Amino acid sequence: MTTSLVILAFMAIIVGPLFGYPLENGYIHRFLGPVLVSGHLHIPHLSEGVSLSLMMLSIFMGIAGIALAYIYYMVKTDLPAKTAGLFKPLYKLSYNKWYFDEIYKSVIIDPIITISKFMWKGIDVNVIDFIVNSFGKVAMFLGSMFRTIQTGRIQTYIFTMIVGVIVMLTVFYSF
Amino acid sequence: MIDNVLSVLIFFPLIAALFIFIFLRSDKISMWMAFFASLVEMVIVMPLMLNFDKSVAGMQFVEKYQWIKSFGIDYYVGVDGISILMIFLAALLSSISILASFTYIKKSKREFYLSLLVLESAMIGVFVSLDFFLFYIFWEAMLIPMYLIIGVWGGANRIYAAVKFILFTLAGSLFMLLAILAVYFKYGSMTGDYTFNILKISEMVYPTQFQIIIFLAFFVAFAIKVPMFPFHTWLPDAHVEAPTAGSIILAGVLLKMGAYGFLRFCLTITPEAAIKFVPLIALLSVIAIVYGAMVALVQEDMKKLVAYSSVSHMGFVTLGIYALNQSGVEGGILQMFNHGIITGALFLLVGIVYERTHTRMISDYGGIAVKVPLYATFFMIFTLASIGLPTMGAFIGEFLVLVGSFKSFPTYAIIAISGIILSAFYMLWLYQRVFFQTLNTKWELLNDMSFRECICVLPLVMIVFWVGVYPETFTSYMHESVKLLLEQIQDVQIAMN
C-alpha cells in the first residue's frame, strides 16, 4: 500500500511541471496543441490571476488537511472520538461511505435481479417454454385419443370398414 | 492449389468418417484419426483463405455440375465474402471440439467422432451451397449428427433436450422448405426456367405480397436457428445437455446459420419484405439483447448462463444485419465470427472444469483460482472478451454493430448498449462466484489444465486478440460482398419510395 502511494506521489510531482505555470504553457500543451487547436478555434484562457489564486487555494486546502490530520491523529488523539460524538449522524453517514453501496444495491442491483428472475422463471419458463411444451402435449393428447381406435382386432376394422362403405354409398346415392 | 477445393472441403470429413467406420475398430485410433482428418481439413481451408480474391464481390471457387436435370437441380457450390469466415470457423471449431472430447467422452467413442466428422461435412455444405436443393439437404443432414451428439452423449435430461432441439429446428426447416418450393415454382412460372439455383432466384423481383409470405416462412426457420426471442427456448436446454463438443459446435457454428440465412436469402430474395419488417426484427433483436442478458444474470448453471448470453450476443448480430448499412452488416458478420470463437471457448472452459467436478452449478464453486491459476487466466481472458473489451474481437464487432444500428435506429442502439453493461454484470459476477471468495474445500485437489486442453484454447485466444487488434484481416474478406448486397437493397429501397 505504502509503496504504491510513494510511486503515485512521485508521479504527482512529475505531472505538475508537465502542465506548467502559468497554466497551459506546459509540455503537454505544446505536445498536443497541433492536434487539438486548429487555429480558428477560440479557447478561453484563464487569466494569470485566476490560475494563481486557484493554485494557492488548492495548496492551502492540502496543507490545511494535512495539518488537521496531524492534530487529530498525532497530537490530540482523543479529538476524533469527540468530533464523532458531536456530529453523530454525519459521522455515521461518512463512516458508512454515505451508504452508497447500500443505496446502489437496493436501487439498481436488487431490482435488476428481481426483474431478471421474473423474466426467467415468469416469462421464459412459464410462458414461452410452456407454449412450446404445449405443442408437444397437444400432439401427445391427440395421439392418445386416436390410439384407442387402433385395437388391432381385424373384426372391428372390417366392421368399421363396412359401416363406412355403407355410409359413403348412402351419401353418394341419396344426392 | 487444389482444384474443386470446396467439394474436397465438403466431402473430405465424410470420407474420413466412412474410412473410420469401415476400417478402424479401435476407439483410440479412431479418435486420433478423426482429429487428424479435422486438421487436414484446416490445412485445406488455408489455401482457400489465402487465394480468396478480396476484390471480387461475387462467388468464387465455383463448381457446378448438373445433378437432376428434370427438376433443375445442380450440384452448385461457391464461396463469397459472407460465407468464407464461417467455413473457417466451422473447420477450426470442429478440430478443437474433437480434441476437447478426448477424455470427456467415455462411451461409444468411435461413433462420437464419426458424428462430429459428418456434422463438419454438413456444416461446410450449408455455407457453400448455391443450390436450394443441395442447401436443404445439408441443412437437414446437420440435424442428425447433432441429434445423436445431444441424445446419446448428453447429460441427464438429454432425451428431452435432443427431441426439443430437433422438433424446434425441424418445424422451422419445414417452413423454409415450403418457401423454397414456393420461390422455385414462382420463378419457374415467371421465367419458364424451373431451377433451384439460388443466385438466379435471388435476381428476380417478386410481387410484394408474395415476398412477405416467403420472408415470414424463411424468417421462422432462421429466427429459430439464431435463435431470436421468442424462439430461443430450445437453446438453453440443448446447450446444457449437450457434451462440450456439441455445445461448442452448436454455439459456434449452428447458430450462425440462422444469421447467414438472413443475409443470403431474406435480404436477396425478398428485399422488399425484409425492408418492411426491419422495425419488427430490430425490436426483437433489442429484446433478445436485453432479455437474454438479464435472464443470463440469474442463472445458477454455468452452461445455461453462457447459453442465455448467446441469445443476447446473437441479438447484436441480427441488429447489425438489419441496420442495412455497411458497418452494421460487417459488424454483424464479424460478431458472428467472434461469438463463435468466444462462446465456443467459454463452453470449452466450462466443459474442462465439469469433466473434473461433474457439476456446473455456480454455487458449488468458489475460490478455485488458487488451485487452477492457468484455467482462471484463460477464463478471465474469455470473460473479458465476452464483455467486449477493447483489443479483443467482440469489441470491434459490437462497436461496428452499434455504429451501424445508430444510423438506422438510434433508440435501439442506445438500449442495446445496456446489454453490454449487463454482460459485464453477469460475466464478472460469474467469475467472482466461481474463482474468487473462499475456496470450497471439495476442490482442494482440483487439477489445472492439461497440455492438451491448453492446445485447445490457445488458438482461440490468438484469434480473439487478432480480431481485436487488427480486424482488417477478417473484415477485408467481406467488404466487397457486403457492398454488393447493400447496393441491391438500396436499389429496392429507392424503388419503394
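All values reported here derive from a predicted model rather than from experimental measurement. Per chain, numbering begins at 1; letters A, B, ... match sequence-line order.
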Neighbour count >12 (heavy atoms, 6.0 Å) for atom [atom1], [X]:
{"X": "Y72(A)", "atom1": "OH", "value": "yes"}
{"X": "F159(A)", "atom1": "CZ", "value": "no"}
{"X": "Y157(A)", "atom1": "OH", "value": "yes"}
{"X": "F399(B)", "atom1": "CZ", "value": "no"}

Mind listing the side-chain donor-acceptor pairs of residues 230-239 of chain B below 3.5 Å, one per line with the distance, residues two or more places apart or on another chain?
from: H232(B); atom 1: NE2; to: D124(A); atom 2: OD1; distance (Å): 2.5
from: T233(B); atom 1: OG1; to: D129(A); atom 2: OD1; distance (Å): 3.1
from: W234(B); atom 1: NE1; to: I224(B); atom 2: O; distance (Å): 2.8
from: D237(B); atom 1: OD2; to: K164(B); atom 2: NZ; distance (Å): 2.7

Heavy-atom cut-off 4.5 Å, strictly under: side chain, backbone, both or neither for L422(B) against chain A?
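Only the side chain of L422(B) comes within 4.5 Å of chain A.
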
Considering only heavy atoms, which portion of I131(A) lies under 4.5 Å from any heavy atom of chain B: side chain, backbone, both, or neither?
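When you check distances to chain B, no heavy atom of I131(A) falls under 4.5 Å.
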
Within the 4.5 Å heavy-atom criterion, are W120(A) and E300(B) side-chain neighbours or not?
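Side chain of W120(A) against side chain of E300(B), heavy atoms only: contact under 4.5 Å found.
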
Determine whether F118(A) and V298(B) satisfy the following criterion, side chain to side chain contact (heavy atoms under 4.5 Å, CB included), listing intermediate values before the conclusion.
CA-CA 10 Å; F118(A) 168 73; V298(B) 287; over 6 Å; no

Taking every non-hydrogen atom, the tightest pair across Y291(B) and M119(A)
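That closest heavy-atom pairing would be OH-O, 3.4 Å.
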
Where do I112(A) and M294(B) come nearest, in terms of heavy atoms and distance?
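Minimum heavy-atom separation between I112(A) and M294(B): O-CE, 3.8 Å.
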
Where along residues 423-437 of chain B does a heavy atom come under 4.5 Å of chain A, listed by residue number?
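Checking residues 423-437 of chain B against chain A gives F425(B), W429(B).
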
